Structures are given as structure tokens and as C-alpha cells.
Amino acid sequence: MTAHPVAEVGKAARAPRRRLRTRLGGREGLAGWTIVFILIAVAILAPILAPHSPEAIDGNRILAAPTATHPFGSDDLGRDVLSRVLYAYRVSLGIAVGSVLLAMAVGLPIGVFAGYVGGWTDLILMRLIDLLLSFPALLLAISLIAILGPGSLVALLAIAIIYVPIMARVVRSSVLVVRGQAYVRGARARGASHLSIVRGHVLPNAIGPALVQASVLMAFAIVIEAALSFLGLGSQPPTPELGLMLADGNNYLTQAPWVEIFPGLGIAISVLAFNLIGDGLRRSFDPNGITR
Amino acid sequence: MTALVELQDVSVDYAGHGGSVSAVQNVSLTLGENETFGLVGESGCGKTTLSMALMGLLPASARVTGQLLFRGQDLLAMSEAERRQQRGDELSMVFQDPATSLDPTFGIGYQVAETVRAHRRVSRGESKARALALLREVGIPAAESRYADPPHRLSGGMRQRVVMAAALANDPSLLLADEPTTALDVTIQAQVLDLLAELQRKHGTTILLIAHDLGVVAQICDRVGVMYAGQLVEVAPVAELFAAPRHPYTRALLEALPSRGRRGRSLRVIGGQVPDLSDPPSGCRFADRCPHRMDVCATVPPLVDSDSRRRIACWLDPATRATAGLPPVPAAPTPDAPIAVGPS
């Protein structure tokens, strides 16, 4: 378990960098983080990077094939597909990150509370969570949209609601594991209050699986959002959005496949990146496979 | 010897699905200041339950009755907040497994400092200085550079030293050590026990050492209490207990130990099994396995002073018999006579 002190000295210099890498999820995770950071940069810098306005209609370039000035071609209204894809990441990433953060903000406290307190509290909270979990995810999203009307923000909210029970359950199960650890009992024996134990010992040790789950859920959020937009329930035209672009391109797949392919690739790359992070983090944070 | 802890008829029952389990029954015990008291008995005999009752860390399903006095204060009458204040300050505990009793996500020094800060209004710098001093005191080499090391960088023995540093952070009056050396190998075990004895001398802490290993108890304890199936059956100064055990269970326990004098002979085993504590026998709980079983054993023998230094709960003992108005057993076996214990 513990290396010889002499061997430890030589390792110490390299240790922090290596530790950071394993923490982020090893080679896999690093690749994922790199892609995500590039995508975020692309989303932020879209106005600079995009060669054209995402909403500029060019009557001469309707369904035009890719050229040097329009590398991804143009869509049915003659809009530049590359520019639209770049802008679309603003919506997709925003919803992916936003929905998961919102779900964590609600689900994490529920999971920690239920898992740490246990007993009847746990039982009742978890049955309520199960109730939410028993609706098919898309149905839940669609019914919320039916009430609030379509839109990017509503999609974000709907996805967050889908994710709350998942988050709560994952956190609860890892809290259950941590709660039984001797160091929690030890902290009690040293006179720590419940609140400081939860903050100081339970959360740091139980957060790993939740982070793994969060990165995987972000990948799914992109897909769900694209699906909702594809169905006309998420972002509304003319917002550049990947799912919406898929829906547009759908009709011209045989004549102008680039309208469909590039947004599709855009979705695939972002989903891949979040999944790489998730798998990497799982290896370093959750060797017991709670999130599996 | 002034009393630090007084237990009067302490019983602990756990409520379970099929009725309750009587884990500790009518234990009366006094711990003096500066004393190292060993509590021995096999697994499941209630040693840990008793110590958790003292700490106030029993699960909600446990019901404690009787009286637990600490410096004359009734522990059962105190609020949870008061007890929390006491834990880690006046009362402190070292657990069995050093591998899991430290949080893997934090540096070892931080966990010692945390204990200081939980009870003293001190700055981070002060608590760190105190933690470093404690780590040095328990013999962590290069404490400064080790301060931020996570527990997995330390060996088991070193980890247990850290746990002890945290337990002693606020100079507790009573340290409960629940099998502190069981998870360690023999040489490290000896070092940790030496350290415990040294700290006891230096700080004048009362130690309640829980062990199932009589060798460990012999090494550092002043007095020993023997528990069997939730009952405290014998209390004696350590040398006297080893020289002349009086309770049949203590005797059987000692005969189960390997010793140089009996080299080559097989060890005695105690026949039979520990009674089911969800349905305990009404009298002496050792009666079923005892070679001296009498009719009177169906009544619980009270723990009484056998002489000025020893207490015993056995109907064989004249002092216990006297409480029920019984004459001494005619042919009381002498302590040194070999006794056949159960079917071998």
C-alpha cells in the first residue's frame, strides 16, 4: 500500500501533475476535456470564428454544396451551415451544462439528506424520487413543454427535471457507502457536528460518482435537447440549433447531405467528448461502479 | 483513586425486527482517574456497545438504561449538543481499524487540526501548530512534510498514531481505545501499546482499553474487567486476574491462551456456544457452558466485592453467595486446580 519513504521522495516531484491527470480521468478524460474546451471556445468565439452570419439568407446559395468560403455548404434558405453549427454550440452546451448544474443543485441536497439521515426520511424521499423516475424521460419533457410552451429555456428546465431523480439516487447511494465508513464514526467521536461531517467528510468522498454521472448526463442532455428541437419542442427557428438543423436537413438528405451531416457530426463530437470525460472520471472517482 | 466514570446497572438493548437484543446487561463499573482499565471478552460480548454508550454514539435503535456518570454528571440526561461538545474534548475514542478511520480525501494533519478546531476557538495557524506538535508527540517522523499527506501514504501503525494524535488533541480525561492494535501486526502492536502507555503517563488520561487479546491487556492495563455475553463477570487488578482467575469464564479464557508452561499440549477450548442475545438465558449467561453449573445459576449473580480489590459475579464465590444468604460452596475449587471446561 505505502511505498518506501525513499522511493516516495523521487516520486514527489512528478506526483502533482500525475495526480491532476488521474483526477481529470487519465488519457481518456484528458481527450474529452480538450474537446469540450475547444467546443466551449468555439461557442464563445462564434461571432469571430463564423465566416458568415448564422441567420444571413443568401438566395443564390440555396442547398449549395461546400465551397472554400462555405466549407460546410448552405442550407435550404442559403444560410451558411458552418456558421450555424458554430453558433449552435452556444445553445447545446449551454443547455447541457445548465440543465445538469440545475439538476445537481436540486438533486445533490436531496440525495445527501436522504442518504445521510436514512430511515423513514430516506424511504419517503426516495419513493417521491421514484415517482418522478417512473415517467419516461421524453414524455415528462414533452408534458412540461405542453404546459410552458416550447423554447430553449423550457427545454433546459425539462431536462433538469428529468435529471433530478437520477442525480439524487446516485448521490444517495454513494452517501450511504460513505456514511458507514469508520472515519465518519471517527469524526463523530471527535465531536464534529452532523453538518460539518456532511460538509467535511461525506460530500468530498461521495461527490465522485455524482461528477461521473454529471458528465455522462451532459452528453445525454445534448441528445435530448436535439431530439426536442427536432420535434419542434425545443429551440425555435431561426435559432441556430443542432437538432433544429437536423430537422431542416432531413428533407434534403439525398440532394444536399451536408445540411444534415455537419450538425449530426457536431452532436456526435460533443456527446463523445462528454462521454470520454465520464468514462475517465469513472475510472478515477468511482472504481466501485456506483454510477453503472 | 477518585472516580472519573461510574456505571450503575447499565443495560443496552437493541430493538430489532424479531424483538430486542440484550447486548449489555446490568454492568456496574467504576473507572478511576489516571487508570488504564482493560475490558476483555470475545466478539459480540458487548464491549464495544458499552464504549459507544459512553460516547453517546449508539444507533437510534439502542435503548440505554441505568446510570452513566462522568465526573458525577449523568450522561444520559445530557442533550445531544452537550454530548457532542464532550466528544473529542473530554471523551475521546480510538477505533480498531486505522485503515478506514481516517478520511482518505484529506491530509492527516488536517484531520488532527479539525479535532482541535471543533472544540477550541483557535485560528487555522494555531490549530495547525497544535496538530504538528501532536503528530510529533505520537512519533510521526518528519511531521511537517507529512502534514498534508493523505492517509494511504502511511503505514497502518503510523495511521493509528495519527488517530491517537487526533483523539488526544484536546487532552481528554477519558480515552476509549476500541481494539486499537487488532488490525496491526505484532511488532507494531507493541509499539502502539507502548505509545499508549507513555501518553497515559504523560497526560494522566484514563484509558478504557477494549481488547479480546489478554496479552495486550496484560501489557499496559492496571485493572481488567471480563465481559461475557453482555454481563461483566469479573473485575480485578491485572496481575491478580492472571495469577488467580476466579470466575469460571475467566479461567477458561486464560486456559485457552498458549503459554510456555503448557508447551506441546493442545489448548483448551470452551465448549458450547455464546447464548443467543435476542433470547438470553434468565440467569448467569455463562451457565450453559460452565462446568460448575448449579441450580442457583438460573438467577443472575450480582457483581459484588469479593475482596477489597476484586469484584466477581459468580455463585461459586462466597461473597456473591452471601448476597443471597447462601453458605459458601462446600468444595469450592481452588483457583489453581485444573478444571475441565466443557467437552473438549
Side-chain angles (χ1 to χ4, degrees), chain A residues 1-13 15-16 18-19 22-23 116-123 174-211 284-288, chain B residues 51-52 54-57 59-61 80-81 83-106 110-112 114-119 141-142 145-146 149-159 163 166-170 172 175-176 178 183:
Chain A
M1 256 266 219
T2 308
H4 192 271
V6 175
E8 204 87 324
V9 174
K11 254 168 46 185
R18 167 129 34 97
R19 212 179 310 150
T22 21
R23 282 238 143 165
Y116 189 75
V117 176
W120 279 102
T121 320
D122 181 31
L123 200 73
S174 51
V175 167
L176 279 181
V177 174
V178 174
R179 185 184 68 162
Q181 295 292 319
Y183 54 80
V184 169
R185 212 171 38 145
R188 291 265 283 137
R190 283 180 271 144
S193 63
H194 284 298
L195 196 68
S196 73
I197 287 173
V198 167
R199 233 183 13 212
H201 296 289
V202 174
L203 261 183
N205 282 292
I207 198 78
L211 292 181
S284 58
F285 272 138
D286 181 27
N288 307 323
Chain B
S51 63
M52 291 310 245
L54 268 169
M55 290 297 287
L57 289 178
S61 61
E80 171 55 28
R83 300 215 66 181
R84 188 178 70 69
Q85 274 309 313
Q86 202 179 39
R87 282 197 290 267
D89 195 10
E90 280 283 279
L91 285 174
S92 198
M93 187 153 187
V94 173
F95 293 97
Q96 177 172 345
D97 190 0
T100 55
S101 42
L102 291 170
D103 188 329
T105 48
F106 291 106
Y110 171 82
Q111 306 191 39
V112 179
E114 181 197 32
T115 317
V116 179
R117 271 206 308 279
H119 298 282
S145 63
R146 289 263 166 196
D149 273 4
H152 68 258
R153 293 268 189 91
L154 273 69
S155 68
M158 284 296 151
R159 269 181 248 168
V163 173
L168 292 170
N170 295 311
L175 176 69
L176 301 167
D178 189 356

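To find a chain, count down the sequence lines: A is the first, B the second, and so on, and within it residues start at 1. No experiment lies behind these values; they were computed from the predicted model shown.
Under the 4.5 Å side-chain criterion, counting only non-hydrogen atoms from C-beta, B:Met55 is not in contact with A:Arg188. Side-chain contact between A:Val178 and A:Tyr116 is absent, with no heavy-atom pair separated by less than 4.5 Å.
Heavy atoms closer than 4.5 Å to chain A are found nowhere in B:Asp89, neither backbone nor side chain. Contacts of B:Met52 with chain A are made by side-chain atoms alone, with heavy-atom separations under 4.5 Å and no backbone atom involved. Heavy atoms of B:Leu176 lying under 4.5 Å from chain A are absent altogether. Interface remark: B:Gln86 contributes no atoms to any contact with chain A (heavy atom separation under 4.5 Å). Neither the backbone nor the side chain of B:Tyr110 comes within less than 4.5 Å of any heavy atom in chain A. Residue B:Gln96 does not touch chain A at all, counting heavy-atom pairs closer than 4.5 Å.
Taking chain A as the reference chain and counting heavy-atom pairs below 4.5 Å, the highest number among B:Met158, B:His119, B:Arg83 is found for B:His119. Most heavy-atom pairs under 4.5 Å with chain A, from the set B:Thr115, B:Asp103, B:Thr105: that is B:Asp103. The greatest number of non-hydrogen atom pairs below 4.5 Å with chain A, out of B:Pro104, B:Ala118, B:Ala142, B:Pro172, is found for B:Pro104. The choice from A:Gly186, A:Ala187, A:Ala189 that makes the most heavy-atom pairs within less than 4.5 Å of chain B is A:Ala189. Chain B forms the most heavy-atom pairs under 4.5 Å with one residue out of A:Ala192, A:Gly191, A:Ala182, and that residue is A:Gly191.
In this structure, A:Arg190 contributes its side chain and B:Gln111 its backbone to a donor-acceptor pair below 3.5 Å. Looking only at distances, a side-chain donor or acceptor of B:Arg87 sits under 3.5 Å from a matching main-chain atom of B:Gly56.
Residue B:Arg117 holds its CZ atom at 10.5 Å from OG of A:Ser196, rounded to the nearest 0.5 Å. Distance CG/B:Asp178 to CZ/B:Phe95: 7.5 Å, rounded to 0.5 Å. Going from atom CZ of A:Arg179 over to atom CD1 of A:Ile197 covers 12.0 Å, rounded to the nearest 0.5 Å.
Side chains of A:His194 and B:Glu80: no donor on one and acceptor on the other come within 3.5 Å.
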